[in-house]
2 protein chains.
Amino acid sequence: MSDLHSADPERQLPPDSVGVVIPDVARFTTPLELACGKTLPAYDLVYETYGTLNAERSNAVLVCHALSGHHHAAGYHHPDDRKPGWWDAYIGPGKPVDTERFFVVSVNNLGGCHGSTGPLSHNPETGRLWGPDFPVVTVRDWVTSQARLADRLGITRFAAVIGGSLGGMQVMQWSIDYPERIASAAVIAATPRLSAQNIAFNEVARQAIRSDPDFHAGRYAEHDAVPKRGLKLARMVGHITYLSEDAMGAKFGRDLRSDDLHFGFGVEFQVESYLRYQGDTFSTAFDANTYLLMTKALDYFDPAAEHDGDLARALAPAQCPFLVLSFSSDWRFPPSRSKELVNALIRAGKPVSYANIVSPYGHDAFLLPEPRYQAIFRAFMQRAAPAPRPEATAEETPP
Amino acid sequence: MSDLHSADPERQLPPDSVGVVIPDVARFTTPLELACGKTLPAYDLVYETYGTLNAERSNAVLVCHALSGHHHAAGYHHPDDRKPGWWDAYIGPGKPVDTERFFVVSVNNLGGCHGSTGPLSHNPETGRLWGPDFPVVTVRDWVTSQARLADRLGITRFAAVIGGSLGGMQVMQWSIDYPERIASAAVIAATPRLSAQNIAFNEVARQAIRSDPDFHAGRYAEHDAVPKRGLKLARMVGHITYLSEDAMGAKFGRDLRSDDLHFGFGVEFQVESYLRYQGDTFSTAFDANTYLLMTKALDYFDPAAEHDGDLARALAPAQCPFLVLSFSSDWRFPPSRSKELVNALIRAGKPVSYANIVSPYGHDAFLLPEPRYQAIFRAFMQRAAPAPRPEATAEETPP
């Protein structure tokens, strides 16, 4: 069967997919000063692009990823891949982020574990793996590094910067730090800052990782170890917060794994088995130090803090129209948190469209196909798209 | 200063306290058949009593405890104790559960770690600690063992059986299994069965404990070890679910532990420090095997399951009036879960009073003083109190 694939590698990919994509790497040698006070002397950013940059370089869209995300947002790395990129439901030909109109750039953030410079990279000053010594990176640092990537690609202004969850925080920061470089902003299932409960869940995840004896103070790689137990627990806790109680109930209820109760300490209910599986899978696929970095970036994000807690003042520099979307059953970043952003944008006099999408799927809803979400996102992106060049239109029109 | 205490040990205790209490132990040698199919050949139950049993033995109230609870519900074990029992706000002279009218019995459940037979006890058949081999106990098993304790104390019928959270589940089971022995039932902040999300949180706690290398498959005591990391994580997760998001926000917000952000991996926000402290304290005070047992008892509780999921049919045997209380910000067992019970009781034609108490304190609200909660609970308990004996009244009344 795999011979058949090799013979016609793309034959099974859906027609609205961007197809097989190959990531690029951009190397930067200009040192990057970070919010924590440290400086990265040089770094790589791995990224993917979908669609074609137009001659005016006016149709670029930047996709920002969430906690456990990466640059692989759409398409397939190999025709045999079972799953496409994480936002494939929204990026592709004819999809809301239409790759026939847009040139989409999706980057793995600094500190990540999918190819960009992070804890799994070598510290050029010591020759050792960065590991736990990789500096704490913030949303602002990411935005700065993404702007440099845009420079490299010749993109002076994005038609849109878009993202969900932690990705939506990067969109907010873009609108504040580079208002002239972002023509529209879509902030999806995000919050202008974490609540105490959000931080508490992150702290449980960090404690789980750091208290795993295989963590070795973050130098596990040099001990030939992986803090799998800690990562598994971190992911299990996270996963509960990504799903709504109703979605979990609808998916698993109190269904048993086998026909009868065993009254023992093994897995009894389907939901236990599901969580363990999710945790196990993640624990072999993600880097523990990166997980710590990403949760800290979430905790620290708080653009209003520099303005005495006034989010409207923090957003004052923004110049673009905003789309803000929340999901009714999202209890990680509930609609009330999106409304805080919307109200601040209104106070700051910025154009903003807001919709709360009725969905049973909790925070994860931002990744899933949903007709109303698709329609609203599509309409916003259509307004964000640059008008076709008059010359081009003229050429195509018969005389 | 401690000499002064010894001289007058109760002088500093509040006047509405039951004062210094000394637990009792009841030993049972009649084997107890458990729901899991195993049999406990003999067992101890440790319990406390407050107030005086009247001559008719008609004023007894049974208090059932929650996940991490125990028999010490009111008063102080020592006059120097900083904190009273866990439900001291509601049990004492003049309090809703008025010890001037009631004889209150509070028992540590089987499988507990505060004196009743459990994983920390020795298995008489092997001479070893029970540890992980202690049989899985269910809410029904606890109720059976509590009924035996009532026999021992000469109590044929409780004026009321009361409890919050897992304690409320025992109250439900009492009304089903011993309808003739319970004159009224107060089910507070409970649920007729766990949701998938509830089970999921319990499973994270169990995984945290069981994946701690110091757990030694439950035989940690024999390895001179304590799975502190796992217990700490379990408690941290639990604690987040006991507090409402608002209460956590009001208590900690995004307050920093020191004046500035450090951009490091240490504790940065107050809520992190609080959770770590709670987890550390618990990890040295509670037994890991008991924690596993208690969470499994929660998961398994589902009286409707024996009746094709029909809770009204499960409750058909009940004969007593019910008080059902929920708390508006409780997201562990939210008001909707209490309403399931109320609706089933109504369908079953049982007398039930229900109130949803507006409180910002989440699930923990059932432990805290709150005027409306106190007033409703007090009124219900007054109706539950036996009328004074006519003879006694006659004797006291001048002719």
Side-chain angles (χ1 to χ4, degrees), chain A residues 34-38 132 135-136 138 193-204 206-208 210-213 218 229-230 232-233 236-237 239-240 243-245 248-255 261-265 267-272 274-276 279 292 296 299-300 302 305 331, chain B residues 34-38 132 135-136 138 193-204 206-208 210-213 218 229-230 232-233 236-237 239-240 243-245 248-255 261-265 267-272 274-276 279 292 296 299-300 302 305 331:
Chain A
L34 304 170
C36 65
K38 295 180 184 162
V136 167
T138 63
R193 61 181 190 178
L194 293 205
S195 69
Q197 191 188 73
N198 294 147
I199 295 173
F201 277 122
N202 280 346
E203 173 61 10
V204 170
R206 286 189 292 262
Q207 275 291 319
R210 295 173 65 82
S211 70
D212 184 333
R229 286 166 296 211
K232 176 179 177 177
L233 286 168
M236 287 172 75
V237 171
H239 215 82
I240 298 175
L243 295 182
S244 71
E245 170 144 36
M248 224 176 212
K251 194 163 181 176
F252 307 107
R254 293 176 56 87
D255 291 350
L261 285 176
H262 294 101
F263 291 113
F265 287 112
V267 163
E268 193 85 284
F269 297 101
Q270 291 287 7
V271 66
E272 299 172 282
Y274 171 78
L275 275 187
R276 287 193 194 179
L292 297 178
K296 276 294 186 183
D299 287 5
Y300 286 130
D302 186 6
W331 64 280
Chain B
L34 303 170
C36 65
K38 296 181 185 161
V136 167
T138 64
R193 61 180 190 178
L194 293 205
S195 69
Q197 191 189 72
N198 294 148
I199 295 173
F201 276 122
N202 280 346
E203 173 61 10
V204 170
R206 286 190 291 263
Q207 275 291 320
R210 295 172 65 82
S211 70
D212 184 334
R229 286 166 296 211
K232 176 178 176 177
L233 286 167
M236 288 173 74
V237 171
H239 214 84
I240 297 176
L243 296 182
S244 71
E245 171 144 36
M248 224 177 212
K251 195 164 180 175
F252 306 107
R254 293 176 56 88
D255 291 350
L261 286 176
H262 292 102
F263 291 113
F265 287 111
V267 162
E268 193 84 284
F269 297 101
Q270 291 287 7
V271 66
E272 298 172 283
Y274 171 79
L275 274 188
R276 286 194 194 182
L292 298 178
K296 276 293 186 184
D299 287 6
Y300 286 130
D302 186 7
W331 65 279

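Here is how names work: the chains are called A, B, and so on, in the same order as the sequence lines, proteins then strands, and each is numbered from 1.
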Inset, instruction - Go through B/A305, B/A208, B/G249 and name the one with the most non-hydrogen pairs under 4.5 angstrom from chain A. - result: B/A208

Inset, instruction - Report the option among A/K296, A/R254, A/M248 that has the most heavy-atom pairs separated by less than 4.5 Å from atoms of chain B. - result: A/R254

Inset, instruction - To the nearest 0.5 angstrom, please state how far the CD1 atom of A/I240 sits from the CG atom of B/N198. - result: 10.0 Å

Inset, instruction - State, with a plain yes or no, whether a side-chain heavy atom of A/E203 is found less than 4.5 Å away from one of B/V271. - result: no

Inset, instruction - Sort A/L275 into side chain, backbone, both or neither according to what part of it lies under 4.5 angstrom from a heavy atom of chain B. - result: side chain

Inset, instruction - Output the distance between atom CZ (B/F269) and atom CG (A/L194), rounded to the nearest 0.5 Å. - result: 8.0 Å

Inset, instruction - Please flag which part of B/L34 lies under 4.5 Å from any non-hydrogen atom of chain A: side chain, backbone, both or neither. - result: neither

Legend entry - Under 4.5 Å from a heavy atom of chain B, the part of A/K251 involved: neither

Inset, instruction - Salt-bridge test for A/R206 and B/E272: reply yes if a basic N is under 4.0 Å from a carboxylate O, no otherwise. - result: yes

Legend entry - Nearest-0.5 Å distance that lies between atom CD in B/Q197 and atom CZ in A/F252: 12.0 Å

Inset, instruction - Name the member of A/P135, A/P213, A/G218 that forms the most heavy-atom pairs with chain B at distances under 4.5 Å. - result: A/P213

Legend entry - chain B interface, residue from A/Q270, A/Q207, A/M236, A/K232 that has the most non-hydrogen pairs under 4.5 Å: A/Q207

Legend entry - A/F201 portion near chain B, given a 4.5 angstrom heavy-atom threshold: both

Inset, instruction - Would you mind reporting whether B/E268 and A/D299 have side-chain heavy atoms less than 4.5 Å apart? - result: no

Inset, instruction - Please state whether the side chain, the backbone, both or neither of B/R210 comes within less than 4.5 Å of a heavy atom of chain A. - result: side chain

Inset, instruction - Check each atom of B/D255 against the heavy atoms of chain A and say whether the ones under 4.5 Å are side chain, backbone, both or neither. - result: neither

Inset, instruction - Among A/L243, A/T138, A/L233, single out the residue with the greatest number of heavy-atom pairs under 4.5 Å to chain B. - result: A/L233

Inset, instruction - Report yes or no: does B/R229 contribute a side-chain atom to a donor-acceptor pair with the main-chain N or O of A/D212 at less than 3.5 Å? - result: no

